[in-house]
Amino acid sequence: MPELPEVETIRRSLKTLEGRHIVRLDFSSLAPVETTQPRHIRRALADHPILRLERRGKYLLIRSAQGGALVIHLGMSGRLTFFDPPPKKFENHTHLILRFEDGSALAYQDARRFGTLSLTESADGTDNPFLQRLGPDYIDPLLTEEQFIARCRRHPGLNLKALTLNQGIASGLGNIYACEALYRASLDPRRKVRRSKNSELASLLEAARQSLELGIKHGGSSLRDYFDGLGNRGVMKDFLQVYDREGQPTLDGRGTVKRIVQQARSTFFCPEVQR
DNA sequence: GCGATCCTGGCC
DNA sequence: GGCCAGGATCGC
């Protein structure tokens with residue numbers, strides 16, 4: 001479900017968590033398949049305040065004043081919601097509840113359980129297997145064109161759609177913003193990296209940045225499941241050029257949107273614009 | 001590099 | 001009942 005703009009919006013909406021003292025962590029018996037042992041997570045977080053929230057690609061980090069951080073991936077259906085006061089009974093599929101000293105709570109909910117809950121004890125996350133394989137953030141200003149192109153060139157056989165979805169090359173794009181970025185760069189998602197010029201890869205980086213920043217500006221795309229940490233919707237859906245518009249004109253009216261399947265996922269694109 | 005696979009829920 | 005869904009890993 002959530003891509004970089006959605007996770008960033010959630011992060012910003014949960015600024016209220018900073019300084020809140022965690023007194024208890026309640027895990028469900030059906031936590032996501034990839035969950036670090038609850039007792040390890042408890043040991044790292046319980047009885048200490050939250051220092052701040054960080055983001056790496058689509059991962060959200062809840063950093064404890066103790067130094068370590070809970071590393072959350074929301075998968076397809078994950079949701080984080082702050083409650084003050086919390087309800088007596090939480091919604092179905094709530095797998096973790098952080099309870100704070102003042103009675104408020106943060107709930108992690110994930111029906112499909114594709115998400116992950118893990119830990120890092122280091123500042124840079126290099127001790128965490130998920131963060132370890134992550135490439136630089138697309139919106140990290142320290143990521144240069146040259147570096148991005150070099151990282152792309154390691155995968156000459158990938159088509160451009162698969163390239164954009166690969167979090168090891170650069171991180172943060174998911175299916176929505178991958179389609180949007182390729183449209184913005186006027187690049188055909190079926191084209192191979194080896195058939196692409198350096199200037200085209202550079203324009204893909206720039207297009208990805210603009211697509212993601214626009215998503216952040218509009219609070220993310222609420223298509224079905226996504227809400228920020230306070231339960232608010234994002235309006236980016238109204239600004240999407242091609243995603244979920246099969247058979248309709250692109251938002252800017254430059255052509256008609258087609259849907260194809262790549263890597264077993266829908267790609268929305270406009271053949272008249274993208275070559 | 002590609003397809004199958006992990007899950008549940010909503011919609012036709 | 002079948003198909004689809006903001007994801008990513010794993011085995012061939």
Side-chain angles (χ1 to χ4, degrees), chain A residues 1-11 28-35 55-60 71-80 91-95 108-118 128-135 138 152-182 189-195 208 211-212 214-216 218-229 233-246 259-268:
Chain A
M1 151 182 130
E3 308 180 29
L4 187 155
E6 288 74 30
V7 178
E8 177 62 17
T9 302
I10 291 170
R11 188 188 73 78
S28 81
S29 55
L30 274 181
V33 182
E34 289 287 345
T35 302
R55 185 190 54 72
R56 310 279 171 85
K58 305 176 192 173
Y59 290 83
L60 188 73
V71 180
I72 301 174
H73 194 291
L74 296 167
M76 289 282 257
S77 54
R79 221 186 268 183
L80 278 173
E91 281 182 59
N92 211 4
H93 307 296
T94 295
H95 300 305
Y108 171 87
Q109 187 193 5
D110 182 9
R112 295 177 72 181
R113 286 187 280 143
F114 285 179
T116 61
L117 297 171
S118 60
N128 180 290
F130 299 105
L131 300 180
Q132 212 174 14
R133 358 177 211 265
L134 222 50
Y138 269 101
C152 293
R153 292 290 174 212
R154 294 180 207 160
H155 305 267
L158 285 182
N159 62 51
L160 294 181
K161 177 67 181 318
L163 176 87
T164 55
L165 290 180
N166 185 319
Q167 305 298 303
I169 296 167
S171 60
L173 291 177
N175 212 24
I176 297 179
Y177 299 95
C179 293
E180 295 296 307
L182 287 162
R190 299 166 292 193
R191 179 135 49 112
K192 300 278 190 193
V193 170
R194 75 162 60 84
R195 312 274 312 178
S211 303
L212 292 168
L214 192 66
I216 294 171
H218 293 297
S221 306
S222 290
L223 300 181
R224 43 186 75 84
D225 298 326
Y226 163 73
F227 296 91
D228 73 12
R233 312 178 72 87
V235 297
M236 180 57 198
K237 173 184 180 309
D238 299 335
F239 300 87
L240 298 175
Q241 294 289 344
V242 291
Y243 188 83
D244 212 13
R245 296 179 66 91
E246 182 180 12
R259 185 180 85 99
I260 58 173
V261 175
Q262 298 178 285
Q263 280 75 42
R265 311 196 57 192
S266 290
T267 295
F268 297 90

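Below, read A as the first sequence line, B as the second, and so on, with proteins coming before strands; counting in each chain starts at 1.
Applying the side chain to side chain contact (heavy atoms under 4.5 Å, CB included) rule to A:H93 yields the partners A:H95, A:Q109, A:A111; only residues at least two apart in sequence or on another chain are considered. Residues satisfying the salt bridge (charged side-chain N to carboxylate O under 4.0 Å, His left out) criterion with A:R245, sequence neighbours excluded, are absent altogether. A:S118 is linked by a side-chain hydrogen bond (donor to acceptor under 3.5 Å, both in side chains) to A:N128, counting only residues two or more places apart in sequence or in another chain. A:R113 meets the side-chain hydrogen bond (donor to acceptor under 3.5 Å, both in side chains) test with no other residue; sequence neighbours excluded. In this structure, the salt bridge (charged side-chain N to carboxylate O under 4.0 Å, His left out) partners of A:R56, at least two apart in sequence or on a different chain, are A:E54. Under the rule for a side-chain hydrogen bond (donor to acceptor under 3.5 Å, both in side chains), the partners of A:R11 that lie at least two apart in sequence or sit in another chain are A:E8. Under the salt bridge (charged side-chain N to carboxylate O under 4.0 Å, His left out) criterion, A:R259 pairs with A:E246, not counting sequence neighbours. By the side-chain hydrogen bond (donor to acceptor under 3.5 Å, both in side chains) test, A:Q132 is found to be paired with no residue, residues two or more places apart in sequence or in another chain being considered.
Within a 6.0 Å radius of CZ in A:R195, no more than 12 heavy atoms belonging to other residues, nucleotides or ligands are found.
No engagement by A:D110 is indicated, since no non-hydrogen atom pair under 4.0 Å with the nucleic acid exists. Across all strands, A:A264 comes closer than 4.0 Å to no nucleic acid atom at all (heavy-atom distances). Residue contacts for A:T116: at a heavy-atom cut-off of 4.0 Å it reaches no nucleic acid atom on any strand shown.
Note: CD (A:E246) to P (C:dC4) measures 10 Å, nearest angstrom. The distance between atom CZ of A:R259 and atom P of C:dC3, rounded to the nearest whole Å, is 12 Å. Nucleotide B:dC6 holds its P atom 16 Å from the CG atom of A:L30, rounded to whole Å. Going from atom CD of A:Q262 over to atom P of B:dC2 covers 10 Å, rounded to whole Å. Atom NZ in A:K161 sits roughly 14 Å away from atom C1' in B:dC2 (whole-Å rounding). Taking atom CD on A:Q109 and atom C1' on B:dG9, their separation rounds to 12 Å, with Å as the unit. We find that NE2 of A:H93 is positioned 8 Å from C1' of B:dG9, with the value rounded to whole Å.
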Contact letters for nucleotides 7-12 of chain C, in which S counts primed atoms plus P, OP1 and OP2 and B counts the base, heavy atoms under 4.0 Å: BSS---

Contacts under 3.5 Å, N or O only, protein and nucleotides 10-12 of chain B:
none

Which nucleotides of DNA chain C pair, in dot-bracket form (Watson-Crick or G-U under 3.5 Å, | meaning another strand): |||||.||||||

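OP1 and OP2 of C:dA5 both lie 4.0 Å or more from every side-chain N or O belonging to A:S77.
Residue pairs meeting the side-chain hydrogen bond (donor to acceptor under 3.5 Å, both in side chains) criterion with at least one member in residues 173-182 of chain A, sequence neighbours excluded: A:E6-A:Y177, A:K161-A:N175, A:Y177-A:S221.
The shortest distance between side-chain heavy atoms of A:R233 and A:F227 falls below 4.5 Å.
A distance of about 16 Å separates the P atoms of C:dG11 and B:dC7, rounded to the whole Å.
Side-chain atoms of A:D225 and A:S77 form no donor-acceptor pair, as typed in the model, at a separation below 3.5 Å.
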